[in-house]
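Input: a single structure, listed below in structure tokens.
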Amino acid sequence: KKLRRSARLVDMTQHLLARPHKLMPLTFFADQYGAAKSSISEDLSIIKELFESEGVGLLKTVAGAAGGVKYIPLTNHEEARTGLKRLCQTLESSSRLLPGGYLYMADLLGDPEALSEIGKIFATVFAEAEADYVMTVETKGIPLAYATAHYLNVPVVIVRRYSKVTDGSVVSINYVSGSSKRIQTMSLARRSLPENSKVLIIDDFMKAGGTVRGMIDLLEEFKAEVVGVGVFMETANIEERLVDEYVSLLRVTEVDMRDKEIRLELGNYFKENE
Ligand SMILES: O=P(O)(O)OC[C@H]1C[C@H](OP(=O)(O)OP(=O)(O)O)[C@H](O)[C@@H]1O
């Protein structure tokens, strides 16, 4: 149906936002609105300018016959910092302290707006990683994995702690989660990852890193490539960490169970003296 420019701009914007990282040929829009490709190009430059000036993300145009345009969601660094500082305030209340230096985060992990904000930050950090899948381990990592996967527009694979009949044949490995100091298993259905998949690991919390280490070892069984590790929160001052390459958004610096003190700071995604 023929739409005038203002209506085209609205319709194209919602179309692009709904399909992050997806290349769309200009002819798709030209046919959709019965407009010339030159008009569509002008429309896209208006959207591109607004997206970039307002920090919505990038509109990348790919030239040539198989070309087109794709929306890359990006949160600018300042906005990410402000948003995460706000989350620090929410999380820093002593009532959230749990035994073992954990924080009660289920409310945050259930809040669609917070998840969307965190997911977009992870998708910014790993925008160039060319991940084919986002992987996490049940349970608390699941909402963060989906939020990140939405902005990267890739599927999620969920590692289980126990193999289930409904997974078909599975690959299992044993690992020690530093948090629990006991041997645990991790398993993933054999059919969930083709060989040579590029996988981004996302989890909610990293203590000793045993869980992330486990997922890395599991991915070796699938001949998959780990293209990144993102954790929402990490505990500080862990001597020997089982994983050294990872991005954290927040860090627990101090936990004092006696006087119920808790301190959070920005994670390694931000430079120390930033
Ligand atoms: O770095 P590590 O020392 O291995 O600990 C981080 C693990 C432990 C915790 O999961 P749990 O609370 O054990 O399980 P769930 O996510 O199902 O609540 C957290 O979600 C990470 O996955």
Side-chain angles (χ1 to χ4, degrees), residues 84 87-88 90-91 95-111 114-115 118-119 121-122 125-126 131 133-149 156-164 166-167 170-189 192 199-221 224 226 228-255 257 262 264-265 267-269:
L84 285 163
L87 288 177
C88 271
T90 317
L91 290 169
S95 60
R96 288 179 180 275
L97 258 183
L98 298 172
Y102 272 99
L103 273 196
Y104 178 78
M105 287 199 280
D107 53 333
L108 184 81
L109 297 175
D111 173 356
L115 286 168
I118 298 165
I121 293 171
F122 274 136
V125 178
F126 300 108
Y133 294 88
V134 171
M135 173 187 272
T136 192
V137 61
E138 61 182 348
T139 304
K140 291 194 293 294
I142 294 173
L144 287 172
Y146 273 98
T148 305
V156 174
V157 285
I158 299 171
V159 175
R160 289 191 185 267
R161 294 208 191 289
Y162 315 97
S163 55
K164 293 274 189 352
T166 47
D167 281 350
V170 300
V171 175
S172 293
I173 57 120
N174 297 323
Y175 73 102
V176 178
S177 162
S179 317
S180 58
K181 286 268 175 288
R182 59 187 153 78
I183 297 264
Q184 291 183 294
T185 59
M186 246 185 215
S187 75
L188 182 65
S192 55
V199 180
L200 169 62
I201 293 174
I202 293 289
D203 207 358
D204 63 312
F205 204 97
M206 179 191 274
K207 207 166 175 194
T211 303
V212 166
R213 180 76 254 168
M215 282 191 267
I216 292 170
D217 295 346
L218 183 61
L219 285 170
E220 263 173 48
E221 300 296 323
V226 180
V229 176
V231 290
F232 174 58
M233 197 180 288
E234 64 167 326
T235 46
N237 54 51
I238 288 264
E239 299 66 51
E240 89 304 337
R241 180 143 270 161
L242 294 164
V243 173
D244 38 25
E245 295 284 307
Y246 64 90
V247 172
S248 64
L249 303 184
L250 294 180
R251 183 181 299 128
V252 180
T253 48
E254 182 200 317
V255 172
M257 299 306 284
I262 181 151
L264 295 182
E265 67 183 20
N268 67 21
Y269 179 44

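Read the numbers this way: they start at 1 and go in the same order the structure lists the ligands and their atoms.
- Considering CG of Leu144 and CG of Leu249, their distance stands at 9.0 Å, rounded to 0.5 Å.
- The part of Asp203 lying near ligand 1 is the side chain, judged by heavy-atom distances below 4.0 Å.
- Atoms of ligand 1 found under 4.0 Å from any heavy atom of Asp204 (numbered from 1 in listed order, with element): 19 (C), 20 (O).
- Rounding to the nearest 0.5 angstrom, the gap separating the CZ atom in Arg251 from the CZ atom in Phe232 is 13.5 Å.
- The backbone N or O of Thr90 sits less than 3.5 Å from a side-chain atom of Arg96, completing a donor-acceptor pair.
- Side-chain atoms of Asn268 come within 3.5 Å of backbone atoms of Ser248 as a donor-acceptor pair (strictly under, hydrogens ignored).
- The atoms of ligand 1 that sit less than 4.0 Å from any heavy atom of Gly210 are 1 (O), 2 (P), 4 (O).
- The shortest N/O to N/O separation between Gly209 and ligand 1 falls below 3.5 Å.
- Contact between Arg213 and ligand 1 is absent, with no heavy atom of the residue lying under 4.0 Å from the ligand.
- Evaluation of the side-chain contact (heavy atoms from CB on, under 4.5 Å) rule for Thr166 yields Arg160, Lys164 as partners, not counting sequence neighbours.
- At least one heavy atom of Tyr102 sits closer than 4.0 Å to an atom of ligand 1.
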In residues 136-143, what donor-acceptor pairs under 3.5 Å come from side-chain atoms, sequence neighbours left out?
residue : atom : partner : partner atom : Å
Thr136  : OG1  : Ile202  : O            : 2.7
Glu138  : OE2  : Arg161  : N            : 2.7

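- Residue Ala208 has at least one N or O atom closer than 3.5 Å to an N or O atom of ligand 1.
- The distance from ligand 1 to the heavy atoms of Lys207 drops below 4.0 Å at these ligand atoms: 1 (O), 2 (P), 3 (O), 5 (O).
- Heavy-atom distances between Gly141 and ligand 1 stay at or above 4.0 Å for every pair.
- Of the inter-residue distances, the one linking Ile118 atom CD1 with Asp111 atom CG reads 8.5 Å to the nearest 0.5 angstrom.
- With a heavy-atom cut-off of 4.0 Å, Thr139 touches ligand 1 through backbone and side chain alike.
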